[in-house]
Amino acid sequence: MQDLKELNEVITAIKEEIRQGADALTTSKSVYEFKKTFLDNKQGRIGLLMKEMRNVANDQKAEFGKTINGAKEWANNFFDELDQKLKEKEQQQRYESEKIDITMPPVKIRYGNLHPVTTVRNQLTDIFTSMGFEVYEGTEIETDYYNFTALNTPQDHPARDMQDTFYLSPEFLLRTQTSAGQVEAKKPPIKVVSPGKVFRSDDDATHSPMFSQMEGLVVDEGITLCDLKGMLDMFVQRIFGKQTKTRLRPSYFPFTEPSVEVDVSCFQCGGKGCRLCKETGWIEVLGAGVVNKKVLENCGIDSNKYSGFAFGLGLERIAMLKYGINNIKMLFESDLRVLDQIDD
């Protein structure tokens, strides 16, 4: 390039290229990138024209430079105007996207609920702590001694069989009841409840290999079966309603003597008989009894001075009864169709 005529032709072509390229630009960022190809200080196509000054006659150099600077000024003004227009357009689009139509119906917000078993555990904990019980949580891995032997379970008892208990080694196992933690708790007077997960090799509509249990233990001087009955009356009225009554049926557990099964009057039919209570008017809820003297002695407690009572209940069973759930597996599937119906 050696004269002004040729320079003007090049600049005219560049201007046309800028105008055509601008039609495809939609954002201020794309304007910035496109602008750099023409006005970058080192590589811009208009800026590079200055290098042609060495090939221009001396008497034309001033006009040559003036023409290039004019092209730079035009390009800067063109891109600034384009950038401003696109920024205004982007801002308008953002306003439209953020605009709230107050006449539209609100979007329904879903609130989470506690799991039924967690709800029942919290309720039971509140009930028993209000009666003076302490909460003691043991370990899920327990020794055979504390899980069975210390609780007066004979060596040939079926619960010790491998088909009923998950053994990790001859000495350690997954606890089958939370009573194991209670015998380690402390010396009398004792008044504790022990909630937690327990494990048994059992699986059907009302049983699960893993479930939650809460067991209670009271040991002090002069504790009798009457104290157990009074505590149970207060407990069932708090959890199932003030009209609920209890009855005790003779049973057998290795760690209590005498042992009882505890029934409550059906809170759905009021004891008249329905499908829930199988037309009997009563529902079995837990097992209990007076602590066996051998258990007290295994724990280093003087059985001539102290006595006590113990009870154990399944949290899943209480939840199923309280909320009308007929299959224990529903409590482990986290089905929102089930959980959304429970808001206690």
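Everything numeric here is computed off the predicted structure, so don't read it as measured data.
Considering every non-hydrogen atom in both Val219 and Pro188, the closest pair reads CG1-CG, 4.0 Å. Closest approach of Phe253 and Val260 over heavy atoms only: CE1-O, 3.6 Å. The minimum heavy-atom distance between Thr178 and Ser194, with the atom names listed, is OG1-O, 2.8 Å. For the pair Ser265 and Gln243, the tightest heavy-atom approach, listed with the atom from each and the gap, is OG-O, 4.0 Å. Closest approach of Ala288 and Leu228 over heavy atoms only: CB-CD2, 3.7 Å. Between Leu286 and Gly312 the shortest heavy-atom distance is CB-O, 3.2 Å.
A donor-acceptor contact shorter than 3.5 Å links the side chain of Lys187 to the backbone of Cys299. No donor-acceptor distance shorter than 3.5 angstrom exists from the side chain of Lys15 to the backbone of Val10, with no hydrogens or angles considered. In this structure, Thr129 contributes its side chain and Thr125 its backbone to a donor-acceptor pair below 3.5 Å. Of the possible polar contacts, none joining the Ser259 side chain to the Gly289 backbone as a donor-acceptor pair under 3.5 Å is found. Put simply, the side chain of Thr27 gets close to the backbone of Ser30: a donor and an acceptor are under 3.5 Å apart. Side chain of Glu261 to main chain of Pro250: no donor-acceptor pair is present (N/O by atom type, distance under 3.5 Å, no hydrogens or angles). Judged by distance alone, with hydrogens and angles left aside, the side-chain atoms of Thr165 form no donor-acceptor pair with the main-chain N or O of Tyr167 at under 3.5 Å. Between the Arg121 side chain and the Gln213 main chain, no donor and acceptor come within less than 3.5 Å of each other.
Remark: of the listed residues Asp233, Leu124, Ile127, Ile127 is the sole one forming a side chain to side chain contact (heavy atoms under 4.5 Å, CB included) with Arg238. Here the options are Lys245, Lys278, Arg249, the test is salt bridge (Lys or Arg N to Asp or Glu O under 4.0 Å), and the partner is Asp263; only Arg249 passes.
Counting heavy-atom neighbours within 6.0 Å of Lys36 NZ, excluding the residue itself, gives a total of 12 or less. Within 6.0 Å of the CE atom in Met234, the count of heavy atoms belonging to other residues, nucleotides or ligands does not exceed 12. For Tyr32, the OH atom counts as loosely surrounded, since its 6.0 Å shell holds 12 or fewer non-hydrogen atoms of other residues, nucleotides or ligands.
The existence of a salt bridge linking Asp164 and Arg200 is excluded, since no basic side-chain nitrogen approaches an acidic carboxylate oxygen closer than 4.0 Å. Taking the charged nitrogens against the carboxylate oxygens, Arg19 and Glu16 do have a contact shorter than 4.0 Å, which makes a salt bridge. The existence of a salt bridge linking Glu284 and Arg317 is excluded, since no basic side-chain nitrogen approaches an acidic carboxylate oxygen closer than 4.0 Å.
Residues Glu142 and Leu174 form no side-chain contact, since every pair of their non-hydrogen atoms from C-beta on lies 4.5 Å or further apart. Side-chain contact between Leu315 and Val117: present, with at least one pair of heavy atoms (C-beta onward) separated by less than 4.5 Å. The side-chain heavy atoms of Cys277 and Trp282, taken from C-beta on, include no pair separated by under 4.5 Å. The shortest side-chain heavy-atom distance between Val218 and Ile190 does not fall under the 4.5 Å cut-off.
Leu151 CG to Lys294 NZ: the interatomic distance, rounded to the nearest 0.5 Å, is 13.5 Å. Rounded to the nearest 0.5 Å, atoms CZ (Arg175) and CD (Glu140) are 5.5 Å apart. Rounded to the nearest 0.5 Å, atoms NZ (Lys293) and CD (Glu257) are 11.0 Å apart. Between the NZ atom of Lys229 and the CG atom of Leu225 there is a distance of 9.5 Å, given to the nearest 0.5 Å. Distance CG/Leu276 to CD1/Ile283: 4.0 Å, rounded to 0.5 Å.
A chain of hydrophobic side-chain contacts below 4.5 Å, direct or via other Ile, Leu, Val, Met, Phe, Trp or Tyr residues, connects Met330 to Met210. Taken together through direct or relayed side-chain contacts under 4.5 Å among Ile, Leu, Val, Met, Phe, Trp and Tyr, Val198 and Leu331 form parts of separate hydrophobic clusters. There is a path of hydrophobic side-chain contacts, each under 4.5 Å, that joins Met231 to Val285. In the hydrophobic clustering of this structure, Ile318 groups with Val262; members are Ile, Leu, Val, Met, Phe, Trp, Tyr whose side-chain heavy atoms approach within less than 4.5 Å, directly or through other members.
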> Can you check side chain to side chain contact (heavy atoms under 4.5 Å, CB included) on Leu248 and Leu232, steps first, answer last?
Replying inline: CA-CA 10 Å; Leu248 308 183; Leu232 290 173; 4.1 Å; yes

>> Quick one, Ser303 with Glu297, criterion side-chain hydrogen bond (donor to acceptor under 3.5 Å, both in side chains). Give me CA distance, side-chain angles, the key distance, then yes/no.
In response: CA-CA 6 Å; Ser303 61; Glu297 292 165 1; 2.9 Å; yes

> Run the side-chain hydrogen bond (donor to acceptor under 3.5 Å, both in side chains) check on Glu316 and Ser212 step by step: do they pass?
Replying inline: CA-CA 6 Å; Glu316 281 82 2; Ser212 303; 3.3 Å; yes

>> Run Lys99 and Glu96 through salt bridge (Lys or Arg N to Asp or Glu O under 4.0 Å) and show every step you take.
In response: CA-CA 5 Å; Lys99 185 170 62 175; Glu96 291 295 326; 3.3 Å; yes

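Residue pairs meeting the side chain to side chain donor-acceptor pair (under 3.5 Å) criterion with at least one member in residues 75-85, sequence neighbours excluded, are Asp83-Lys87, Gln84-Glu88.
For the residue pair Thr176 / Asn147, a side-chain donor-acceptor distance below 3.5 Å is found, with atom types taken as modelled. Neither side chain, Gln237 nor Thr244, offers a donor N or O lying under 3.5 Å from an acceptor on the other.
Aromatic ring pairs are classed by plane angle as parallel below 30°, tilted from 30° to 60° and perpendicular above 60°; the pair Phe128 and Phe235 is parallel. Ring planes of Phe240 and Phe267: parallel class, angle under 30° (limits at 30 and 60°).
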Using residues 62-74 as the side-chain source, report each donor-acceptor pair under 3.5 Å to any protein atom, sequence neighbours left out, with the distance given to one decimal.
unit_1 : atom_1 : unit_2 : atom_2 : d
Thr67  : OG1    : Glu63  : O      : 2.8
Asn69  : ND2    : Gly65  : O      : 3.3

